[in-house]
Amino acid sequence: VLDRVYPYGDLNGNLPIRLEELTSGEFLVLAAPPSDYAFRHAMIQDVAYTSLPHARRRALHRDIAYMFEGSGDEEVPERLEFVALHFYRGRVWDKALPYLLQAGEKTQREYANEAAIAHFRRALRAISELPDSAVDDQLEAYEGVSQVLTLLGRYDEALESLEEGWDLVDGQPGSSDKDLRLAQLCRRMAEVYDPKGDYTAAFEWLERGLSIAGIEDTIEGAQLRRSGAAVLYRQGENSLAGEWCRISLDIAESLGDEEVLAQSNYSMGAILVRQGDFAGAVEHCQRSVSLYEKLGNLLGQSQAYNNLALAYDMQGDWGGAARYYRAANDILERIGYAEGQAMTATNLGEIFLLQGELDAAIEQYRRALGVVDRLGHPYGMALLNMNLGAVYARGERWKDASDHLGRSLSLFHEIGSEEFLAELYRHWAEVALGRGEIDQALEHAQQSLDHVQAQGVELEEGPTRRVLGRSWLQSGELDRAK
């Protein structure tokens, strides 16, 4: 029943003798002298465990759980998870539930993702055995599972968990608590549809949450606005994204919520980078980093570092950008966040491209593309095909460039995102110029400029006009080129 033995609480005085006999027989080893014993092989433990009758196993699990709960002994590794597991296996459901929820939260904070999923799912099993369990406990378990699954890119499973949570809450009598829970679930739904690339569904859930009476000016209203800003940003609606984000910042500031302030400053930093306000972007990103560090939120820190790096990148400070990208990646590797690792690899690829190290850029982009392809993330696939097209264009590999840009355009159209179309058409114009296809170059360069002006993406206007000018020059239209 125990994989390690701690010889204390020995009531009849014969435990040391029994342990010595089992050690001599090579069933146990003294793992940490003088008193920490473990099975020599996992198979020995399995055989011993399965030989116990089920009722005896449950009784032993119960005894162990009660003993360790009462002892408060901190020498037991992962004591919270230990007690949760033994109450669960002992089927003491009312005791198991709070420990399992706490263990799920703890392992989720530590990014022990599979362990967190297991704890939350065991909590749901315990809830099914407790007819009078609280709605909040059930919802906590459903949301906990969905958040970890989203982090791992298992979006359909995450949505299934949230749908069960929705059915649970929707069946409750009307109240302000019910309205708040439904608004939170709307945001959670959107936060799964967003990385899945279904921006229409994501935005519909956010608007549904904001339409619930009494939510708009609350912290939940601020979070819904902040999530909406992120979706609008991905769709290239930069001005509207900034408006939504400012509303979120104002609400969070007035209510003093540091978590939402950190999130909203992070989002505003990204929006301002896109709009060319680098000083403002750095200010918001640094605020976000400070708040996330204070809160101990590793994922938030990594995302804020990524935006800070992007701001330095756009100012041509590639050394500063690479430093922050690597700081972000170090955190992302520690917590196992695959999507974030792909994002950081993408940004490092951009640094290598700017420095003219084309093979290194291709390596980073392909690494990132492998991750997002595995996750089924169409937005990431579209972005990385565009980036590979840009690298191949720089290396004058026109066919490879055109193939990747074509794939990118199809994917962006499929998910309804116009965020990068200005850049994509500019790269395509450069490919057409390289091939001597002047009419196509002019067409794509003008498409790029149209998107620049529609989206207010000032960063893209200079490069786009340069390509358009080169296209007119190649066509012999010197005045228009000027």
Q: Quick check: does any side chain N or O of H284 sit under 3.5 Å from a backbone N or O of S267, one acting as donor and the other as acceptor?
A: no

Q: Are the side chain of Q102 and the backbone N or O of P98 linked by a donor-acceptor pair below 3.5 Å?
A: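 Judged by distance alone, yes, a pair lies under 3.5 Å.
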
Q: Please find the pair of heavy atoms, one from R397 and one from I362, that lie closest to each other, and give the distance.
A: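 Scanning both residues completely, I find the closest heavy atoms to be NH1-CD1, 4.4 Å.
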
Q: Show your working on salt bridge (Lys or Arg N to Asp or Glu O under 4.0 Å) between E204 and R208 and close with a plain yes or no.
A: CA-CA 6 Å; E204 284 174 356; R208 186 172 178 176; over 6 Å; no

Q: What I'd like to find out is whether the side chain of V92 reaches to under 4.5 Å of the side chain of D94, using heavy atoms alone.
A: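 When only atoms from C-beta onward are counted, D94 and V92 do touch, with a gap below 4.5 Å.
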
Q: Kindly give the heavy-atom pair with the smallest separation between M381 and D373, and that separation in Å.
A: CE-OD1, 3.6 Å

Q: Does either side chain, that of R407 or that of H404, offer a donor lying less than 3.5 Å from an acceptor on the other one?
A: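 Judged by distance alone, the side chains do pair up.
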
Q: Quick test of your reading of the model: are E283 and R287 salt-bridged, counting only N-O distances below 4.0 Å?
A: yes

Q: Using a 4.5 Å cut-off on heavy atoms from C-beta on, say whether the side chain of H86 contacts that of Y66.
A: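 Contact flag for Y66/H86 side chains = no.
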
Q: Can you list everything that forms a side-chain hydrogen bond (donor to acceptor under 3.5 Å, both in side chains) with N113? Sequence neighbours excluded, please.
A: none

Q: Just verifying a value: how many Å separate L210 CG and R187 CZ, rounded to the nearest 0.5 Å?
A: 11.0 Å

Q: Between L449 and Y425, is a side chain to side chain contact (heavy atoms under 4.5 Å, CB included) present by the stated rule, with each step listed?
A: CA-CA 9 Å; L449 187 59; Y425 280 119; over 6 Å; no

Q: Can you confirm whether more than 12 heavy atoms, excluding those of Q355, are under 6.0 Å from its CD atom?
A: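 More than 12 within 6.0 Å, yes.
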
Q: Does D194 reach the main-chain N or O of A190 with its side chain, forming a donor-acceptor pair under 3.5 Å?
A: no

Q: L180 and I215: which non-hydrogen atoms are nearest, and at how many Å?
A: CA-CD1, 4.0 Å

Q: Tell me, with the steps shown, if I219 and Q223 meet side chain to side chain contact (heavy atoms under 4.5 Å, CB included).
A: CA-CA 6 Å; I219 283 299; Q223 290 178 309; 4.2 Å; yes

Q: Kindly indicate, with the supporting measurements, whether the criterion side chain to side chain contact (heavy atoms under 4.5 Å, CB included) is fulfilled by W398 and Y392.
A: CA-CA 7 Å; W398 308 122; Y392 287 129; over 6 Å; no

Q: Determine the interplanar angle of the F87 and Y99 rings, folded into 0 to 90°, and report it as parallel if under 30°, tilted if 30 to 60°, perpendicular if over 60°.
A: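 It falls in the parallel class, under 30°.
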
Q: Closest heavy-atom contact between A382 and L411?
A: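 Minimum heavy-atom contact is CB-CB, 3.5 Å.
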
Q: May I ask you to decide whether R121 forms a salt bridge with E157, counting only side-chain N to carboxylate O separations under 4.0 Å?
A: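 Salt bridge between R121 and E157, a charged N being under 4.0 Å from a carboxylate O: yes.
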
Q: Could you note down all residue pairs passing ring pair (Phe, Tyr, Trp, His ring centres under 6.0 Å) where residues 126-158 supplies at least one of them, sequence neighbours left out?
A: none

Q: So, the side chain of S302 versus the backbone of L299: is there a donor-acceptor pair under 3.5 Å, distance only?
A: yes

Q: Hey, could you give me the CG/CZ distance between L232 and R225, rounded to the nearest 0.5 Å?
A: 10.0 Å

Q: To the nearest 0.5 Å, tell me how far Y193 OH sits from L162 CG.
A: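 The OH atom of Y193 sits 9.5 Å away from the CG atom of L162.
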
Q: Looking only at non-hydrogen atoms, find the nearest pair between A116 and G104 and report the distance.
A: CB-O, 3.9 Å

Q: Provide the closest heavy-atom pair for S408 versus M386 in the form atom of the first, atom of the second, distance.
A: OG-CB, 3.4 Å

Q: Looking at side-chain heavy atoms only, is the closest gap between T150 and R188 below 4.5 Å?
A: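 When only atoms from C-beta onward are counted, R188 and T150 do not touch, as no gap falls below 4.5 Å.
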
Q: Is there a side-chain contact between L159 and K196 (heavy atoms, below 4.5 Å)?
A: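 The answer is yes, as the side chains (C-beta and beyond) meet within the 4.5 Å cut-off.
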
Q: In Å, rounded to the nearest 0.5 Å, how long is the span from CZ of F120 to CD of Q108?
A: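 Rounded to the nearest 0.5 Å, the CZ-CD separation comes to 4.5 Å.
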
Q: Take L369 and T346 through the test side chain to side chain contact (heavy atoms under 4.5 Å, CB included) and record every step on the way to the result.
A: CA-CA 9 Å; L369 183 58; T346 301; over 6 Å; no

Q: Would you say that K178 contacts D170 through its side chain, given a criterion of any heavy-atom pair below 4.5 Å between the two side chains?
A: yes

Q: Does E430 form a salt bridge (Lys or Arg N to Asp or Glu O under 4.0 Å) with R394? I'd like the steps, not just the answer.
A: CA-CA 9 Å; E430 290 170 337; R394 178 77 67 86; over 6 Å; no

Q: Please tabulate, for the side chains in residues 241-252, all donor-acceptor contacts under 3.5 angstrom to protein atoms that are two or more places apart in sequence or on a different chain.
A:
| from | atom 1 | to | atom 2 | distance (Å) |
| --- | --- | --- | --- | --- |
| R246 | NH1 | G242 | O | 3.4 |
| S248 | OG | A222 | O | 2.9 |
| S248 | OG | S264 | OG | 2.6 |

Q: Do R89 and R57 have side-chain heavy atoms sitting under 4.5 Å apart?
A: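 Result no, sub-4.5 Å side-chain heavy-atom pair not found.
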
Q: Check E129 with R125, please: is the shortest side-chain N to carboxylate O separation under 4.0 Å?
A: yes

Q: Got a salt bridge between D403 and K399, using NZ or NE/NH1/NH2 to carboxylate O under 4.0 Å?
A: yes

Q: Taking A360's backbone N and O only, do any of them form a donor-acceptor pair with Q364's side chain (distance below 3.5 Å, no angle check)?
A: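 It does not hold such a pair.
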
Q: Would you indicate whether D359, at its atom CG, is surrounded by more than 12 heavy atoms from other residues, nucleotides or ligands within a distance under 6.0 Å?
A: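 Not buried by this count: 12 neighbours or fewer within 6.0 Å.
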
Q: Donor-acceptor pairs are to be reported for all side-chain atoms of residues 303-313 against protein atoms at under 3.5 Å, with residues two or more places apart or in another chain.
A:
| from | atom 1 | to | atom 2 | distance (Å) |
| --- | --- | --- | --- | --- |
| Y305 | OH | E293 | OE2 | 3.2 |
| N306 | OD1 | N347 | ND2 | 3.0 |
| N307 | ND2 | Y266 | O | 2.8 |

Q: My understanding is that only residues two or more places apart in sequence, or in another chain, count here; which of them pass side-chain hydrogen bond (donor to acceptor under 3.5 Å, both in side chains) with R91?
A: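 Result, side-chain hydrogen bond (donor to acceptor under 3.5 Å, both in side chains) vs R91: none returned.
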
Q: Which residue, L101, L100, I117, I127, forms the side chain to side chain contact (heavy atoms under 4.5 Å, CB included) with R122?
A: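 Between R122 and the candidates, side chain to side chain contact (heavy atoms under 4.5 Å, CB included) is satisfied uniquely by L100.
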
Q: Which distance, rounded to the nearest 0.5 Å, do you find between the CZ of R181 and the CG of L139?
A: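 It is 7.0 Å, given to the nearest 0.5 Å.
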
Q: Can you name the salt bridge (Lys or Arg N to Asp or Glu O under 4.0 Å) partners of R274, sequence neighbours left out?
A: E419

Q: For S161 and A158, indicate whether the former's side chain and the latter's backbone hold a donor-acceptor pair under 3.5 Å.
A: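 Here the side-chain-to-backbone pair does not exist.
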
Q: Can you tell me how far CD of E143 sits from CG of D136, rounded to the nearest 0.5 angstrom?
A: 10.0 Å

Q: When you compare the side chains of H427 and E423, does any donor N or O come within less than 3.5 Å of an acceptor on the partner?
A: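 Looking only at side-chain atoms, E423 and H427 do form a donor-acceptor pair, the distance falling under 3.5 Å.
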
Q: Please say whether the positively charged group of R234, taken as NZ for Lys or CZ for Arg, lies over the ring of Y379, i.e. under 6.0 angstrom from the six-membered ring centre and within 45 degrees of the axis.
A: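 Flagged: R234 positioned over aromatic ring of Y379.
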
